[in-house]
Amino acid sequence: MTTATPVIRPFEPADLDALHRINEASVPNVGSVTLDRLRALVATSLTTLVALGPEGPAGLLVCLDESADYDSPNFVWLKQRYPRFFYVDRIALDPAARGRALGQALYETLIARLADTPSHRDLPLACEVNTEPANPGSLRFHARLGFREIGTQTFDDGKAVVYLARAVGADSNKGTAP
């Protein structure tokens with residue numbers, strides 16, 4: 001049995017409702033957002049990529065750069081430490097589409113697009129993963145893609161995250177964090 005190569009394309013406005021449902025089905029691994037907040041986040045993003053399944057959108061990845069006007073404490077943490085960076089604010093998959101390598105395809109597409117610009121290759125691509133509540137699957141997934149720990153943060157509400165990064169142009173097996 002051969003697995004079809006996932007189709008990854010840029011966000012289209014008609015995707016918004018489906019992507020919002022996917023995001024909310026992925027809580028607490030990603031933060032809950034209103035439809036309007038997701039619309040604003042996509043508008044602010046450097047790029048938002050959509051993974052397509054047989055029934056339409058099956059996943060999303062939202063990436064910002066340091067110039068985004070965004071008040072997320074995770075984004076602010078990175079902005080205080082890196083003059084230039086790329087930040088995956090969220091990656092979420094429809095529960096029915098998990099296990100089909102869509103998350104990997106979303107990341108590989110993003111990394112390839114960013115690496116097409118030579119000046120981007122040494123910049124960090126960063127994200128955070130929940131450690132409270134724990135998300136060990138996401139930690140393993142990001143480690144396979146070459147992400148390494150660059151810091152941690154615990155919030156007043158008890159939530160905690162680990163910040164991960166890799167250089168855009170790094171070989172995922174070497175995992176060089178900036």
**Q** Between atom OH of Tyr82 and atom CD1 of Ile150, what is the distance when rounded to the nearest 0.5 Å?
**A** 3.5 Å
**Q** Is the closest side-chain heavy-atom distance between Arg90 and Leu41 below 4.5 Å?
**A** yes
**Q** State the CG-CD1 distance between Asn29 and Ile91, to the nearest 0.5 angstrom.
**A** 11.5 Å
**Q** Donor-acceptor pairs under 3.5 Å, side chain of residues 45-63 to any protein atom, not counting sequence neighbours: which ones?
**A**
| from | atom 1 | to | atom 2 | distance (Å) |
| --- | --- | --- | --- | --- |
| Ser45 | OG | Val42 | O | 2.7 |
| Ser45 | OG | Thr48 | OG1 | 2.9 |

**Q** Show me the donor-acceptor pairs within less than 3.5 Å that the side chains of residues 102-114 make with the rest of the protein, sequence neighbours left out.
**A**
| from | atom 1 | to | atom 2 | distance (Å) |
| --- | --- | --- | --- | --- |
| Gln104 | NE2 | Glu108 | OE2 | 2.7 |
| Tyr107 | OH | His142 | NE2 | 2.8 |
| Thr109 | OG1 | Ala105 | O | 2.8 |

**Q** Anything under 3.5 Å between a donor and an acceptor, one on a side chain of residues 156-164, the other on a protein residue two or more places apart or in another chain? List them.
**A**
| from | atom 1 | to | atom 2 | distance (Å) |
| --- | --- | --- | --- | --- |
| Asp157 | OD1 | Lys159 | N | 2.9 |
| Tyr163 | OH | Asn74 | OD1 | 2.7 |
| Tyr163 | OH | Gln153 | NE2 | 2.6 |

**Q** Count I, L, V, M, F, W, Y as connected when their side-chain heavy atoms are under 4.5 Å apart, and connections chain through other members. Are Phe75 and Phe155 then in the same cluster?
**A** yes
**Q** So, taking the atom named CD in Glu128 and the one named CG in Asp89, what distance separates them when rounded to the nearest 0.5 Å?
**A** 7.0 Å
**Q** Does the Arg84 side chain pair with the main chain of Leu123, one donor and one acceptor, at a distance under 3.5 Å?
**A** no
**Q** How long is the span from the CG atom in Asp65 to the NZ atom in Lys79, to the nearest 0.5 Å?
**A** 8.5 Å
**Q** Measuring from atom OG1 of Thr152 to atom CD of Glu132, what distance do you get when rounded to the nearest 0.5 angstrom?
**A** 13.0 Å
**Q** Return the CD to OH distance between Glu66 and Tyr87, rounded to the nearest 0.5 Å.
**A** 14.0 Å
**Q** Where do Leu93 and Ser26 come nearest, in terms of heavy atoms and distance?
**A** O-OG, 3.4 Å
**Q** In terms of hydrophobic clusters joined by side-chain contacts under 4.5 Å, are Val76 and Phe85 together?
**A** no
**Q** I need the minimum non-hydrogen distance between Gly31 and Glu24, along with the two atoms involved.
**A** O-OE2, 4.5 Å
**Q** Mind checking what makes side-chain contact (heavy atoms from CB on, under 4.5 Å) contact with Arg37, not counting sequence neighbours?
**A** Val33, Thr34, Tyr70, Asp71
**Q** Residues in ring-ring contact (aromatic ring centres under 6.0 Å, His included) with His20, at least two apart?
**A** none
**Q** Checking Ala40 now: which residues fulfil side-chain contact (heavy atoms from CB on, under 4.5 Å) with it, not counting sequence neighbours?
**A** none
